[in-house]
Amino acid sequence: FGGFGASDAFALESERVDRGVVLLDGAIRDWSNASFLHLERPQDIMSAGESWGGPDDASISFALNHDDRTLYFAFDVVDDYLVRTARRTEGEDRIEFLFASSGPVRRIGIFVGEGGSDRGAVRWLGAGAVAVPGARIAYTRTRRGYTAEVGIPWSALLGGGGAARA
């Protein structure tokens, strides 16, 4: 999702919340006061093409919150078929964001899992793609796709990333 050109750029406000308000459990019911942005045009969907059947086939709504330590994302995704391998590469279904601070623009890929022990992944994309340190993801499969919540520490975003340590 998110095939935007420069003319499609937009700003989305992040609501400040108290630490502990966002429960990363994959259910987004604790986001009822957040302002969701809905992406459901062909140009919003990177894989949109002849196989895209409209918003009921693939679309996304998302919102942001933050506290003093973490930037939080909530997603409600409509997707009838999840393209996933264990490698988590750019050719697979993912939610992608660009993040810019005082350093270079970085791409973040959010990959939901397939269920069971597959917890999903949050990765820096591009050369040397690695896990975003300290990032957490939780998702719930739904009848039409999935809902997901992601928490990324400000230290990982503002510090430029690097490999996660076990």
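Worth saying up front: this structure is predicted, and the values here are computed from it rather than measured.
Sequence neighbours left out, not one pair with a member in residues 145-158 passes salt bridge (charged side-chain N to carboxylate O under 4.0 Å, His left out).
Taking Asp67 as the reference, Tyr72 meet the side chain to side chain donor-acceptor pair (under 3.5 Å) condition, with sequence neighbours excluded. Residues satisfying the side chain to side chain contact (heavy atoms under 4.5 Å, CB included) test with Glu15, not counting sequence neighbours, are Asn65. When the side chain to side chain donor-acceptor pair (under 3.5 Å) test is applied to Ser61, the partners found at least two apart in sequence or on another chain are His38. In this structure Arg136 satisfies the salt bridge (Lys or Arg N to Asp or Glu O under 4.0 Å) test with no other residue, sequence neighbours excluded. Scored by the side chain to side chain contact (heavy atoms under 4.5 Å, CB included) test, Ala148 finds Phe75, Val112, Tyr139, Tyr146 as partners (sequence neighbours excluded). Applying the side chain to side chain contact (heavy atoms under 4.5 Å, CB included) test to Ala34 and every residue at least two apart in sequence or in another chain returns Trp31, Phe36, Ala63. Scored by the side chain to side chain donor-acceptor pair (under 3.5 Å) test, Asp68 finds Arg19 as partners (sequence neighbours excluded).
Under a 4.5 Å side-chain heavy-atom cut-off, the cluster of Ile, Leu, Val, Met, Phe, Trp and Tyr residues that includes Leu23 has no other member.
Cluster annotation: Val132 and Leu98 are assigned to distinct hydrophobic clusters (Ile/Leu/Val/Met/Phe/Trp/Tyr, side-chain heavy-atom contacts under 4.5 Å, transitive). Under the 4.5 Å side-chain heavy-atom criterion for Ile, Leu, Val, Met, Phe, Trp and Tyr, Phe99 and Val130 are members of the same hydrophobic cluster.
For Arg16, the CZ atom counts as densely surrounded, since its 6.0 Å shell holds more than 12 non-hydrogen atoms of other residues, nucleotides or ligands.
By the 4.0 Å N-to-carboxylate-O rule, Arg144 lies too far from Asp76 to be salt-bridged with it.
The heavy-atom pair separating Ala135 from Pro153 by the smallest distance is N-CD, 3.9 Å.
Ring geometry for Phe97 against Phe62 counts as perpendicular: the plane angle is over 60°, on a 0 to 90° scale with 30° as the lower cut.
Between Asp30 and Val21 there is no side-chain heavy-atom pair separated by less than 4.5 Å.
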